[in-house]
Amino acid sequence: MTIKLKTFASLAGAFALSFGIATAAHAADAHAISVKDAWVRWLPNNLPAAGYATLVNTGDKPVDLVDISSDDYGDAMLHQTVSNGSTQKMVMVDKLTVPAHGQVAIAPGGYHVMLEDAKHKVAPGDTVHLTLKFSDGETLSAPFVVKSPAQAK
Ligand SMILES: [Cu+2]
């Protein structure tokens with residue numbers, strides 16, 4: 001594909017044409033998904049932390065969040081808090097769909113990213129990074145601000 005395009009460009013001999021192709025390729029690479037308001041609710045004594053963020057999709061197609069990992073934690077999993085009468089439990093979530101031209105909140109009371117086995121000391125004020133993998137092949141490394149329970153809203 002790339003070779004074909006290059007050949008075509010050189011045959012045409014037009015600098016403007018190859019510039020046009022480069023622009024089109026860049027547009028195709030543009031990330032549909034972005035991450036905002038990303039933070040971690042830190043807990044003392046190496047208790048599991050919870051990551052929260054809003055995923056925004058500017059693309060024309062829904063995109064699924066399919067995997068989460070982190071260089072800062074041994075384990076990062078997407079969980080959903082489910083109310084069951086008076087009790088609450090957490091269930092694993094395989095994928096989370098971000099609607100086209102929409103957003104989904106990973107927020108307290110709903111979804112959270114369970115973060116366990118911190119690989120180094122993590123404290124409020126730090127920034128950790130989560131790697132989010134999406135069904136369109138996109139991978140994002142997003143900074144999450146670590147907050148103490150008192151700082152968390
Ligand atoms: Cu959990």
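Indexing begins at 1, ligand by ligand and atom by atom, following the structure's order. These numbers come from a predicted model, not from an experiment. Start at 1 with the first residue, then count along the sequence.
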> Closer than 2.8 Å to the Cu ion (ligand 1), which protein N, O or S atoms?
Replying inline: His79 ND1, Met90 SD, His112 NE2, Met114 SD
>> So does Pro99 get a backbone contact from the side chain of Asn57, meaning a donor-acceptor N/O pair under 3.5 Å?
In response: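 Flag set: sc Asn57 to bb Pro99 pair under 3.5 Å.
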> Taking the side chain from Trp42 and the backbone from Val122, do they hold a donor-acceptor pair closer than 3.5 Å?
Replying inline: yes
> Can you name the side-chain hydrogen bond (donor to acceptor under 3.5 Å, both in side chains) partners of Ser34, sequence neighbours left out?
Replying inline: none
> side-chain contact (heavy atoms from CB on, under 4.5 Å) with His129: which residues, sequence neighbours excluded?
Replying inline: Asp72, Thr127, Ser141, Pro143
>> Run the side-chain contact (heavy atoms from CB on, under 4.5 Å) test against Asp64 and tell me which residues pass, sequence neighbours left out.
In response: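 So Asp64 forms a side-chain contact (heavy atoms from CB on, under 4.5 Å) with Val66, Lys95, Thr97, Ser135.
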> When rounded to the nearest 0.5 angstrom, what distance separates CD1 in Ile33 from NZ in Lys133?
Replying inline: 15.5 Å
